[in-house]
Amino acid sequence: MQYNHQEIEKKWQEYWAKNQTFKASNTSDKPKYYVLDMFPYPSGAGLHVGHPLGYIASDIYARYKRHKGFNVLHPQGYDSFGLPAEQYAIQTGQHPAITTETNIKTYRGQLDKIGFSFDWSREVRTSNPEYYKWTQWIFIQLFNSWYNKDSDKAEDVSTLIAKFEAEGNTTVNAVCDEDIITFTADEWNGFSSTKQQEILLQYRLTFLSDTEVNWCPALGTVLANDEIVNGVSERGGHPVVRKKMTQWSMRISAYAQRLLDGLNGIDWPQPLKDIQTNWIGRSQGAMVSFKVDGNDANIDVFTTRPDTIYGVSFMTLAPEHELVAKITTDAQREAVETYVEATAKRSERDRMADVKTISGVFTGAYAIHPFSGKQVPIWIGDYVLASYGTGAVMAVPCGDQRDYDFAKHFDLEIPNIFEGVDISEEAFADKEKSVIANSDFLNGLPYKKAMKTVIYEMEQRGFGYGKINYRLRDAVFSRQRYWGEPFPVYYKDGMPQMIEKQHLPVVLPEVEKYLPTEDGKPPLGNADVWAWDTTTNTVVSNDKIDNETVFPLELNTMPGWAGSSWYFNRYMDATNDGDFVSAAAVEYWKEVDLYIGGSEHATGHLLYARFWQKFLFDLGLVPVDEFAKKLINQGMILGTSAIVYRVAGTNKYVSLGLKDNYKADELQELRVDVKLINSSDELNLEGLKNWQPQYADAEFELEDGKYIVGREVEKMSKRWFNVVNPDDICEEYGADSLRLFEMFLGPLEQFKPWKTSGISGVYSFLKKLWKLFHNGENFEVSEGEPTKDNLKTLHKTIKKVEEDIENFSFNTSVSTFMIAVNELTAQKCNNKAILEELLILVSPYAPHIAEELWSELGHENSIAFAAFPQFDGKHLIESEKEYPISFNGKMRFKLKLPLDMSKEDIEKTVMAHEKTQEQLQGRTPKKVIIVPGKIINIVG
RNA sequence: GCAGGAAUGGCGGAACUGGUAUACGCGUCAGAUUUAGAAUCUGAAUUUUGAGAGUUCGAAUCUCUCUUCCUGUACCA
């Protein structure tokens, strides 16, 4: 019987589906283990061979854990809200739900062919109302919460209202909006309901605010920073302007410190932790308030170097700073206004890209130095960003290079407040080495002491205090799009009202057009039936809006990261209709033990999901405040494009080896379909002619009768014609080969190129494995005692494979299998006991062939739960060692010696050996190093 | 600019706490089988780990200097 992968794989995939082999139970005597992949967005293009890399790795680990006796949860689903389906709807009118459904079918078909051990009974789709009902519900929980800094956690707003009613807000220590008015209990109780709601909104964890956003008029939507390239939209290249809009935001900044601290307790890749740490951007310093001379305004600045306060020789405000207009003197007004206008025209992008040009203008006003009482001029300059800190800086030119450059450029004073430092050329920014001088009570103090002293002094005098600042901004949560979760929100008197839990989900309405409305409202503005009737608690026609009992619903939808911020919890109890996840299920599974996915989500999904998890933890809804214990970033599989060289202006193509006969500018590089290339980089000329009309009458300049293409490693993409579809690989070589090969390519985390030709190696490995169980056409294994060599090979393999899987070194375990099969073939081993254990080792990697041979061996049940072989070191004990004999560190020959031989005897035997004498040529060695069991080195 | 990572045959990559460098696979070449090809089997070659120094009996591995490449991030006060 020949190894027929197509037949076998189909058979076992059907078996697993029919028997629900991988369905996980929420109760078990076994210990639990939760293995999760980042769920895919089902795009129209389907999967290419790069996509399943991480899924294969996690599947191997999940299967391994089952063999090790764990109750494994290994689910999969779809992050099915997203822009591509909506764009397609705009172009064709096809409802995104239909596009999404079609794409999911394609994905599912492709995934099934690879033989994953997913528990599909727990599938989630973020665009299903049964799912987004709970996304809406979590949103409501956020709305109903505020962040209490005293207890350092989120609490229900009822506790906040209680405080307001009893004491007003002066004693409340909350993370909230900046421009909060203070009020007493009496005042609070006297406020109108609308006023109270307005105030509460400033404290809620999700809140409405006027935010500056990147508005793209052509697309009719707000864009995130990473959706803008060179000042225009990534999609379509349309201009983008800054615009103030009322948007929902998430108060993630409340969790900045906990998001930072939490990183210490989780096993995530260091680079990823670094990215998040950087993104959160904690900096310790002080807030200092400067009075403006002859004006009642105060300029607040944040600084990380309050110790250098005596070095302040001017101040700089961002051009957008709200005090600019107020403090500018008449004499300077025109210059200032011109400058402000000029900077407003420049996009954020331009300003950031252009860091060398120094520009600014004097406002004519002066601030009073809080310690020295001296006048310091106030400038505006675009090197100060409105969005960071307070949008104003105290400039210390001697200690900050940007302030230094600014001062030099405008010929401002540069006082030196460092002991023994030359600042004639550049600023001195090395704080650890600085000792303060010319600074009154700070003289002679090193950085740390000066910091403490000055902050204490400022707090005493009341114009400053120590502060920790974060770069992390609150996250805008509104999108002007159709294909996303609708908010469970209607508006009464302009104030947002939440729809109660029992009336969820609020289902996405039907619209005629998926574009924004003509008057600039989001796509949901096109819906005719999009109003909330508070008497029936249903969505009703807009005609009925009377603002008495029927109110307009929110027109924005939630961003892509909403649904993915909690899906890992939903898998634990995916069909629960009464709760987002049952307490019992989440108590049992707790958190993801192993999460595999790309590092590109470092500052998006992975940060937001941690935030929501901490929030849910504060509310007591989940038992742990980090959702994933261990995370691995898989690398990308790159394509290997094929390049032909056309002689410019002709239809003649030159083979790779002959292109040096032409000048570089005479040749054009064109990419051709990688399917037309064989394993030796030779182009199929007939195939090319049929591929695209432009090649139909092409001429070729061949070398040795062949056309050899150039190769280039780059991302897999349709436009490079280098995409390889896993379906084709499964068809030709089988899923087991695909799985083994993807792992064999190299370390999981690394980026590596795909070359289909390499797959023949793992394919012939599978055929060799098959042969071990067969004699010609017949299945044949022997029952007797295994030989010593058989056992040695097996146990060596058990040990290595187990270590490799535990270390996620899947590439090396594939080579270990190859070595094992090669050795057993050489030993002519067909011993049942040996082969049975070998099969279990192989089965996480190549489950189909393993199941088939396992059943041939007479087993009735799936191999999936067979106990992992037990390693026994006694089979590896050697009595002899083939020592490498080195001379001055270079290995010259080998010598077999007993392992229990004493050092003295080894030395005698080695020195007496004829080859030693040959090497020494009569010299007497200076030294002989003997490391028993390892090496012998003769020096001299 | 700052932070992090990497560099090993023609290619992808092995090498555990310093101890036989290139395991395993692809490709290449030669041979066997075959009408031919594919497939299969047998055998072979590539030369010192980016460069330079240091520590050591011994360095891909540890230390220093430099080069190149990749990733992230950037007037963050």
Side-chain angles (χ1 to χ4, degrees), chain A residues 269-279 281-283 285 301-306 308 315-316 318 351-358 381-385 387-396 399-403 405-406 429 469-471 599-600 602-603 633 635 640 679-681 711 713 740-741 744-747 749-765 767-768 771 800 803 807 809 811-820 822 882-894 925-931 933-940:
Chain A
Q270 195 54 45
L272 197 138
K273 289 187 182 181
D274 291 346
I275 291 170
Q276 289 206 345
T277 304
N278 240 308
W279 190 259
R282 182 187 203 265
S283 48
V301 298
F302 174 75
T303 175
T304 52
R305 296 294 305 274
T308 63
M315 302 193 70
T316 317
R351 265 172 75 175
M352 287 197 294
D354 180 19
V355 289
K356 283 178 207 94
T357 320
I358 295 167
D382 66 1
Y383 80 98
V384 177
L385 302 177
S387 56
Y388 184 76
T390 62
V393 299
M394 55 173 231
V396 183
D400 182 285
Q401 195 57 43
R402 290 155 306 173
D403 296 344
D405 294 341
F406 195 85
N469 208 37
Y470 299 93
R471 205 189 70 133
S599 60
E600 66 273 19
T603 55
N633 292 129
T640 311
S679 60
S680 320
D681 288 348
R711 312 236 56 176
V713 173
L740 283 166
F741 186 53
F744 189 58
L745 281 175
E749 326 79 60
Q750 223 161 79
F751 281 57
K752 55 230 163 207
W754 173 275
K755 267 182 106 175
T756 303
S757 56
I759 204 168
S760 63
V762 292
Y763 189 53
S764 55
F765 156 74
K767 285 191 281 192
K768 283 185 208 166
K771 270 194 187 168
K800 181 83 168 86
E803 281 169 6
N807 294 321
S809 175
N811 55 326
T812 50
S813 41
V814 178
S815 5
T816 307
F817 291 139
M818 289 173 169
I819 294 167
N822 288 346
E882 192 172 32
Y883 279 96
I885 315 291
S886 300
F887 291 82
N888 297 319
K890 294 270 169 262
M891 203 275 289
R892 293 303 175 198
F893 67 92
K894 290 176 190 174
K926 284 191 200 122
K927 212 173 175 184
V928 180
I929 313 278
I930 294 163
V931 185
K934 287 226 163 133
I935 198 169
I936 294 155
N937 191 16
I938 298 167
V939 189

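The analysis underlying the following values was restricted to heavy atoms, covering all of them including side chains, and did not include hydrogens, waters or symmetry mates. Quick note on labels: first sequence line is chain A, next is B, and so on, each numbered from 1.
- In summary, of the residues considered (A:Ser815, A:Ser809, A:Ser813), a side chain to side chain contact (heavy atoms under 4.5 Å, CB included) with A:Asn811 occurs for A:Ser809 alone.
- Considering only side-chain atoms of A:Asp274, the nucleotide from B:G12, B:C24, B:G4 that sits closest is B:G4.
- Nucleotide B:A38 has no partner under the Watson-Crick or G-U criteria, as no pair reaches both atom distances under 3.5 Å.
- Scanning both residues, A:Val301 and A:Met394, for their nearest heavy atoms gives CG1-N, 3.8 Å.
- Separating the P atom of B:C69 from that of B:C76 is a span of 26 Å, rounded to the nearest Å.
- The partner of B:A7 is B:U67, by the rule that a Watson-Crick or G-U pair needs both atom distances under 3.5 Å.
- A:Ser760 comes within 4.0 angstrom of sugar-phosphate atoms only, judged by non-hydrogen atoms across all strands, and of no base.
- Not one side-chain nitrogen or oxygen of A:Gln750 sits closer than 4.0 Å to the OP1 or OP2 atom of B:A6.
- Of the candidates B:G19, B:A77, B:G13, the closest approach to any side-chain atom of A:Thr303 belongs to B:A77.
- With a cut-off of 3.5 Å on both Watson-Crick or G-U wobble distances, the partner of B:C24 is given as B:G12.
- Note on A:Asn937: a base of the nucleic acid sits closer than 4.0 angstrom, heavy atoms only.
- Side-chain nitrogen and oxygen atoms of A:Arg402 include none within less than 4.0 Å of the OP1 or OP2 phosphate oxygen of B:G1.
- No engagement by A:Gln401 is indicated, since no non-hydrogen atom pair under 4.0 Å with the nucleic acid exists.
- Residue A:Asn822 is classed as a sugar-phosphate contact, given heavy-atom separations below 4.0 Å to backbone atoms only.
- Residue contacts shown for A:Asn811 are limited to sugar-phosphate atoms, with no base heavy atom under 4.0 Å away.
- Across all strands shown, A:Lys800 has no heavy atoms under 4.0 Å from either base or sugar-phosphate atoms.
- Here the side chain of A:Met818 is nearest to one of B:C76, B:C24, B:C75, namely B:C24.
- Rounded to the nearest Å, the gap between the P atom of B:A23 and that of B:G13 is 16 Å.
- Checking B:C75, B:G4, B:A39 against every side-chain atom of A:Leu385, the shortest atom distance belongs to B:C75.
- Look at the C1' atom in both B:U56 and B:U61: the space between them is 13 Å, to the nearest Å.
- Comparing B:A59 with B:U20, their P atoms are spaced 11 Å from each other, to the whole Å.
- Two residues, A:Lys771 and A:Thr390, neighbour RNA chain B, and the one matched to the more 5' nucleotide by heavy-atom proximity is A:Lys771.
- Between the C1' atoms of B:C70 and B:G31, the separation comes to 44 Å (whole Å).
- Ranking B:C41, B:C24, B:U40 by closeness to the A:Ser815 side chain, first place goes to B:C24.
- Side chains of A:Asp403 and A:Tyr383: a donor on one and an acceptor on the other come within 3.5 Å.
- Considering only side-chain N and O atoms, A:Lys767 lies under 4.0 angstrom from the phosphate OP1 or OP2 of B:U40.
- Taking only side-chain atoms of A:Ile819, from C-beta outward, the nucleotide of B:C57, B:C24, B:C26 with the closest atom is B:C24.
- For A:Thr816, no side-chain nitrogen or oxygen approaches OP1 or OP2 of B:A23 to under 4.0 Å.
- Checking B:G4, B:C57, B:A77 against every side-chain atom of A:Lys927, the shortest atom distance belongs to B:C57.
- In this structure, A:Val939 reaches the sugar-phosphate backbone alone: every heavy-atom distance under 4.0 Å involves primed, P, OP1 or OP2 atoms, never a base.
- In this structure, of B:U17, B:G12, B:U20, it is B:G12 that holds the atom nearest to the side chain of A:Lys752.
- With both ends at atom P, the span from B:U65 to B:U73 equals 28 Å, rounded to whole Å.
- Using a 4.0 Å heavy-atom cutoff across all strands shown, A:Ser764 reaches sugar-phosphate atoms only and no base atom.
- As rounded to the nearest Å, B:U47 and B:G9 have C1' atoms that lie 8 Å from one another.
- Counting non-hydrogen atoms under 4.0 angstrom, A:Lys894 reaches a base of the nucleic acid.
- Shown here, B:A74 forms no base pair; nothing in the strands shown gives a Watson-Crick or G-U wobble contact with both key distances under 3.5 Å.
- When the C1' atom of B:G4 is taken as reference, atom CD1 of A:Ile275 falls 9 Å away, rounded to whole Å.
- Base orientation of B:G9: syn, since the glycosidic angle falls within 90° of 0.
- Rounded to whole angstrom, the span from the CD atom of A:Glu803 across to the P atom of B:A23 amounts to 21 Å.
- Of the candidates B:C76, B:A14, B:G19, B:G19 carries the atom nearest the A:Val931 side chain, counting heavy atoms from C-beta on.
- B:U33 and B:A45 have their C1' atoms separated by 24 Å, given to the nearest Å.
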